[in-house]
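A short write-up of the structure that comes next.
As the structure lists them, so they are numbered: ligands from 1, and atoms in each ligand from 1. All values below were derived from every heavy atom in this structure, side-chain atoms included, with hydrogens, water molecules and symmetry-related copies excluded. Here the structure is a predicted model, which means the values were calculated and not measured.
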Amino acid sequence: MSTTIGGYLAKRLAQIGVSHHFAVAGDYNLVLLDQLLAQDGLEQVYCCNELNCGFAAEGYARARGAACAVVTFSVGALSAINALGGAHAENLPVILVSGAPNTNDHGTGRILHHTLGTSDYGYQYEMVRHVTVAAERLFSAEDAPAKIDRVIERALALSKPVYLEIPCNVADLECPEPGPVEALLSRRPSAGKTLDRAIETTLNFLNEREQVVILIGSKLRAAHGLDAAVKLADRVGCAVTIMAAAKGFFPEDHPAYRGVYWGNVSSPGAEELIDNADAILCLGPVFNDYSTVGWQAWPKGDKMVRVEPEEVIVAGRSFGGISLFDFVTALSEQAPRRTRSAETPALPAPETAPLPASAPLTNDEMMRQIGALVTADTTLTAETGDSWFNAVRLTLPAEARVELEMQWGHIGWSVPSAFGNATGSPERQHIVMVGDGSFQLTAQEVAQMIRYELPVMIFLVNNRGYVIEIKIHDGPYNYIKNWNYAGLIDVFNAGEGHGLGLKAHTSGELAEAIAKARQNRRGPTLIECSLDREDCTEDLVRWGSKVGKTNARPPVTN
Ligand code: TPU
């Protein structure tokens with residue numbers, strides 16, 4: 001029994017549940033694409049460019065737990081590296097596969113197309129190593145299976161991107177069939193003794209403390225810890241707050257839920273809860289300048305138990321090499337059982353009264369109408385910009401998902417990522433919230449939503465500029481060329497698609513557009529929402545001014 005190197009990769013992808021891969025063709029990867037096409041049950045999905053292809057894979061990984069993007073050498077892969085950086089920052093296992101020059105040309109001094117015009121073809125591999133946790137170049141059939149398996153295992157174990165480089169004359173070389181996949185999927189168990197000691201230390205720590213709060217961070221999902229966190233909250237009977245980037249990572253209808261901890265833009269009461277706690281169980285946090293609102297909302301010190309994907313720090317000691325999943329699971333079975341106090345107030349549900357149909361559209365009214373659409377089977381992808389603040393203040397039904405990219409923060413990410421996410425989970429309702437500035441980076445990927453008939457609803461805020469940047473630091477560079485965004489959809493349809501482009505200037509127009517979008521099941525609907533530039537969330541204004549001040553700190557000289 002044998003297959004080819006491309007066939008081996010295809011079968012491994014199928015085995016790990018990746019039934020689609022995203023691709024842009026180029027002569028260095030065409031034979032590989034043929035090999036992948038030959039595998040039953042694996043679909044090839046095309047993107048407009050390699051940046052979008054990487055982001056589409058990243059979105060698919062959010063829906064399906066892993067993903068693959070196939071690009072050509074240099075001109076393709078170097079664009080995809082940006083999206084791989086995003087997958088690294090956001091903890092998503094994306095396998096980037098790049099075609100590469102024919103092995104006979106390596107080391108000959110010959111100059112090849114799509115290269116820097118020098119005869120060393122190792123630079124792409126050197127570059128990509130910085131944004132991946134494993135990278136391999138395949139030169140022969142002998143070691144290809146082991147190399148493919150190694151990168152896949154690393155991607156899944158660490159929830160991070162990896163890289164495979166496959167020369168154009170290697171993809172169809174014969175190699176053995178893949179064996180069972182279990183070994184690539186099994187998580188390494190944490191060393192028993194270290195885990196026991198970490199748990200014992202944490203139990204002692206908790207036993208001495210009354211005001212316990214769980215703070216959920218964005219690395220919790222990648223560490224497969226969401227369910228264990230709910231069990232832990234139930235066992236300890238404590239309140240739970242989330243960081244903004246972890247929106248939706250704890251059920252908001254749970255009695256323990258107390259909203260978002262985000263410094264001066266926290267949910268009512270959440271900041272006080274963290275400030276007054278004598279123990280904070282912090283699960284998978286990312287404390288960066290944005291999440292701490294300029295290094296201010298940054299809980300530290302004796303009261304913190306910081307649980308990282310592979311380390312727990314408690315009572316001044318670090319327990320390395322134990323997984324977040326193992327630790328939270330064990331703690332949820334052994335932590336002191338306490339009853340949740342009855343008087344803890346439930347989070348007030350923010351309510352806005354509807355505007356009359358003829359009233360000019362406002363941000364609050366737009367969010368009231370979008371919020372009403374969000375159900376348990378909704379995935380809401382919210383772009384960098386005021387969409388962050390709008391998404392974070394929504395009250396979510398349990399099981400609803402919010403996708404954010406707060407660590408990498410690449411504007412334009414949302415459209416291709418939602419395309420990938422919708423490809424991976426077509427059974428869900430997909431909504432995108434994106435600003436006009438962000439949309440201009442990756443707009444063409446809406447054409448692929450039309451091609452693959454994905455009924456994604458895109459709410460595009462036309463406020464004629466980079467409002468988030470205006471609130472951080474204003475200048476002429478924050479004002480952009482206006483487009484006819486809704487009009488683009490017909491351009492992309494080109495007479496053969498079912499995309500719909502609509503404009504909403506008033507509350508009533510938005511309601512009508514949403515009604516049409518709900519009927520449009522064979523393609524995306526883009527609703528261009530016209531908002532006054534000054535009409536943004538108060539949270540953005542308050543957060544932006546702090547971030548602006550933090551950026552403006554002069555260098556310390558002493
Ligand atoms: O809600 P709003 O108006 O802020 O959203 P919009 O219009 O999408 O503006 C986003 C503005 C923005 C920029 C220009 N946010 N961050 N940036 C900086 C930036 C530049 N280039 C990339 C690739 N990513 C960025 N985050």
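Within the 3.5 Å criterion, the main-chain N or O of S414 finds no donor-acceptor partner in the side chain of S417. In this structure, the side chain of S74 engages the main chain of H114 through a donor-acceptor pair within 3.5 Å.
Annotation: atom 26 (N) of ligand 1 to nearest protein heavy atom, G409 O, 2.7 Å. Atom 4 (O) of ligand 1 has its closest protein heavy atom at I468 N, 2.7 Å. Atom 2 (P) of ligand 1 has V467 N, 3.7 Å as its closest protein atom, hydrogens excluded (heavy atom only). Of the protein's non-hydrogen atoms, the one nearest atom 13 (C) of ligand 1 is E469 OE2, 3.1 Å. Regarding atom 5 (O) of ligand 1, its nearest protein heavy-atom neighbour is G435 CA, 3.8 Å.
Residue contacts with ligand 1: F439 is placed with no nitrogen or oxygen under 3.5 Å of a nitrogen or oxygen of the ligand (distance criterion only). Considering backbone and side-chain N/O of S438, one or more are found under 3.5 Å from N/O of ligand 1. Not a single N or O atom of G385, backbone or side chain, sits closer than 3.5 Å to an N or O atom of ligand 1. Looking at ligand 1, you'll find an N or O of D436 within less than 3.5 Å of one of its N or O atoms. Residue contacts with ligand 1: N463 is placed with a nitrogen or oxygen under 3.5 Å of a nitrogen or oxygen of the ligand (distance criterion only).
Using a 4.0 Å heavy-atom cutoff, G412 is absent from the residues neighbouring ligand 1. Contact between H410 and ligand 1 is present, with at least one heavy atom of the residue lying under 4.0 Å from the ligand.
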Checklist entry - Run the salt bridge (charged side-chain N to carboxylate O under 4.0 Å, His left out) check on K471 and E534 step by step: do they pass? => result CA-CA 10 Å; K471 297 302 170 193; E534 284 308 309; 3.5 Å; yes
Next on the checklist: If you apply the rule salt bridge (charged side-chain N to carboxylate O under 4.0 Å, His left out), what do you find for E512 with K516, and how did you get there?
Outcome noted: CA-CA 6 Å; E512 277 171 33; K516 285 186 188 153; 5.1 Å; no
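Atoms of ligand 1 found under 4.0 Å from any heavy atom of D386 (numbered from 1 in listed order, with element): 1 (O), 2 (P), 4 (O).
No side-chain donor from either of E405 and H410 sits under 3.5 Å from a side-chain acceptor of the other. Defined by atom type and a distance below 3.5 Å, a donor-acceptor pair is present between the side-chain atoms of Y163 and Q124. The closest side-chain donor-acceptor pair between K503 and N462, if any, does not fall under 3.5 angstrom.
With a 4.5 Å cut-off on side-chain heavy atoms, I527 and L460 do not count as touching.
Checking I470, I411, L441 against atom 24 (N) of ligand 1, the nearest heavy atom belongs to I411.
Residue W262 is tested with F389, Y290, F287 for a ring-ring contact (aromatic ring centres under 6.0 Å, His included); the sole match is F389.
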